[in-house]
2 protein chains.
Amino acid sequence: MDVLELESFLPYRLYRLADAVSREFSRVYKDRHGLTRPEWRTLAGLGQHGTMTATELGEQSAMHKTKVSRAVAELERRRWLTRTPDEKDRRVEHLTLTRAGLAAYGEMVPLAKAFEVNLMSKLTEGDMAALIKGLASIESASKQKLQTPTTLPTLVAAGEKK
Amino acid sequence: MDVLELESFLPYRLYRLADAVSREFSRVYKDRHGLTRPEWRTLAGLGQHGTMTATELGEQSAMHKTKVSRAVAELERRRWLTRTPDEKDRRVEHLTLTRAGLAAYGEMVPLAKAFEVNLMSKLTEGDMAALIKGLASIESASKQKLQTPTTLPTLVAAGEKK
DNA sequence: TTTCGATGGTTACAAATGAAACCAATTTGG
DNA sequence: CCAAATTGGTTTCATTTGTAACCATCGAAA
């Protein structure tokens with residue numbers, strides 16, 4: 001029978017690597033400040049851009065709006081950010097880091113950079129460039145709607161449901 | 001102040017890409033059979049190797065033992081696999097796909113392969129090779145204990161807890 | 001042997017996630 | 001102008017996940 005070699009299956013390899021790296025990196029924000037990934041990304045987004053709306057945050061950091069919503073709520077609870085209602089459109093809120101939020105951000109940036117440098121140091125210049133290029137290619141490709149080439153009908157047959 | 005550009009931050013890019021790819025690929029096993037990722041990996045592991053123990057499965061597919069345990073329980077419930085107690089060590093169970101399990105596996109393998117081919121087709125030969133090489137480098141590096149270079153003390157200060 | 005630390009695997013509980021419903025406020029199209 | 005569709009954002013509920021505790025069973029040491 002036709003067999004799939006999981007270890008070399010690209011989606012699996014990608015996921016596994018990203019998971020390992022991300023897990024390790026999470027120490028930077030989790031151990032020290034008890035942040036979740038969505039919270040860290042929110043902090044990072046605002047630290048980088050100054051002021052953003054929840055929607056913008058979601059776009060920039062690839063998070064579902066519920067994640068953004070919850071992360072923003074938590075950072076607000078910590079008083080790391082404040083919301084300012086938009087003048088023209090009262091559905092929108094502009095989010096900005098407080099002094100405390102900026103302090104936390106400023107503290108984490110060097111750690112993040114050091115982590116990245118350390119990670120990249122595992123690769124030669126050439127490999128690194130290649131990796132980046134490869135990532136970019138797949139990224140742009142996957143934006144254009146990654147196609148799942150299936151011909152089979154969708155069916156969750158009886159007894160297969162959980 | 002020192003700023004981090006999230007979009008080009010390697011851990012973020014990796015994660016984001018893996019997430020997008022994995023999400024798209026999940027159609028193959030989720031839409032059609034309602035499997036979760038751990039369930040799919042378990043199926044894939046057994047399909048590839050014939051018979052494995054839970055521990056082996058966890059190692060091969062990088063899953064925590066609780067994930068394996070739950071995935072195995074669900075596949076058993078579906079009668080896609082059976083457990084056989086080990087003769088020598090009664091803690092151990094050998095897992096094998098049933099006919100039904102094999103059928104599901106056999107059905108998904110070509111879809112998985114097609115997905116991968118489609119994905120890789122976005123890259124030139126060279127880029128692909130480079131990407132693989134880059135992944136391998138970081139992988140092997142991250143196995144050797146990815147170091148988080150922090151000097152700061154670990155503290156989850158009062159008021160920062162959730 | 002008996003005891004004690006590892007190991008294979010499951011379970012309980014809390015936290016994180018995703019999907020869908022929801023509530024405004026806004027825009028669009030008659 | 002007004003109804004309907006859209007959009008920004010929150011909330012609810014069901015799943016999924018992670019952590020730690022747990023229950024055997026096993027292996028090594030005394």
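To find a chain, count down the sequence lines: A is the first, B the second, and so on, and within it residues start at 1.
Listed for the A/Ser69 side chain is no donor-acceptor partner under 3.5 Å among the backbone atoms of A/Thr66. B/Glu59 places no side-chain N or O within donor-acceptor distance of the main-chain N or O of B/Glu56, the cut-off being under 3.5 Å. No side-chain donor-acceptor contact under 3.5 Å links A/Glu139 to the backbone of A/Ala136.
Side-chain atoms of B/Thr66 lie closest to D/dA20 of the nucleotides C/dG8, D/dA20, C/dG18. Each of D/dT10, D/dC26, D/dT17 was ranked by its minimum atom distance to the side chain of B/Arg90; first place goes to D/dC26. Checked against C/dG9, C/dA25, D/dG18, the side chain of B/Glu93 finds its nearest nucleotide in C/dG9. Here the side chain of B/Asp89 is nearest to one of C/dA20, D/dG18, D/dT25, namely D/dT25.
Atom CD in B/Glu87 sits about 17 Å away from atom C1' in C/dG8, given to the nearest Å. At whole-Å resolution of the value, NE2 in B/His64 and P in D/dA21 are 13 Å apart. Whole-Å rounding puts the B/Glu59 CD to C/dG8 P distance at 8 Å. Between A/Leu75 atom CG and D/dT10 atom P there is a gap of 12 Å when expressed in whole angstrom units. Taking atom NZ of residue A/Lys67 and atom C1' of nucleotide D/dG9, one finds them 17 Å apart after rounding to whole Å. B/Leu57 places its CG atom 19 Å from the P atom of C/dT7, with the value rounded to the nearest Å. In this entry the distance linking CG of B/Asp86 with C1' of C/dG9 reads 13 Å, nearest Å. Between A/Asp19 atom CG and D/dT16 atom P the separation is 18 Å, expressed in whole Å.
Among the heavy atoms of the strands lying under 4.0 Å from B/Thr55 are primed sugar atoms or P, OP1, OP2 only; no base atom is included. Here A/Arg83 lies in heavy-atom contact (under 4.0 Å) with sugar-phosphate atoms only.
Checked by distance alone, A/Arg91 brings a side-chain donor or acceptor within 3.5 Å of a matching partner on the base of D/dT7.
Side chain to side chain, B/Thr51 and B/Thr96 meet the donor-acceptor criterion of an N or O pair below 3.5 Å.
The phosphate of D/dT10 has neither OP1 nor OP2 within less than 4.0 Å of any side-chain N or O from A/Lys65. Using a 4.0 Å cut-off, no side-chain N or O of A/Arg70 falls inside it from OP1 or OP2 of C/dT17.
Residues A/Ala54 and A/Arg23 both approach DNA chain D. Their nearest nucleotides, taken by heavy-atom distance, put A/Ala54 toward the 5′ side. Comparing B/His94 and A/Pro38 by the nucleotide of DNA chain C that holds the closest heavy atom to each, the one mapping nearer the 5' end is B/His94.
Between B/Asp86 and B/Lys88, none of the side-chain N atoms (NZ, or NE/NH1/NH2) sits under 4.0 Å from a carboxylate O, so this pair counts as no salt bridge.
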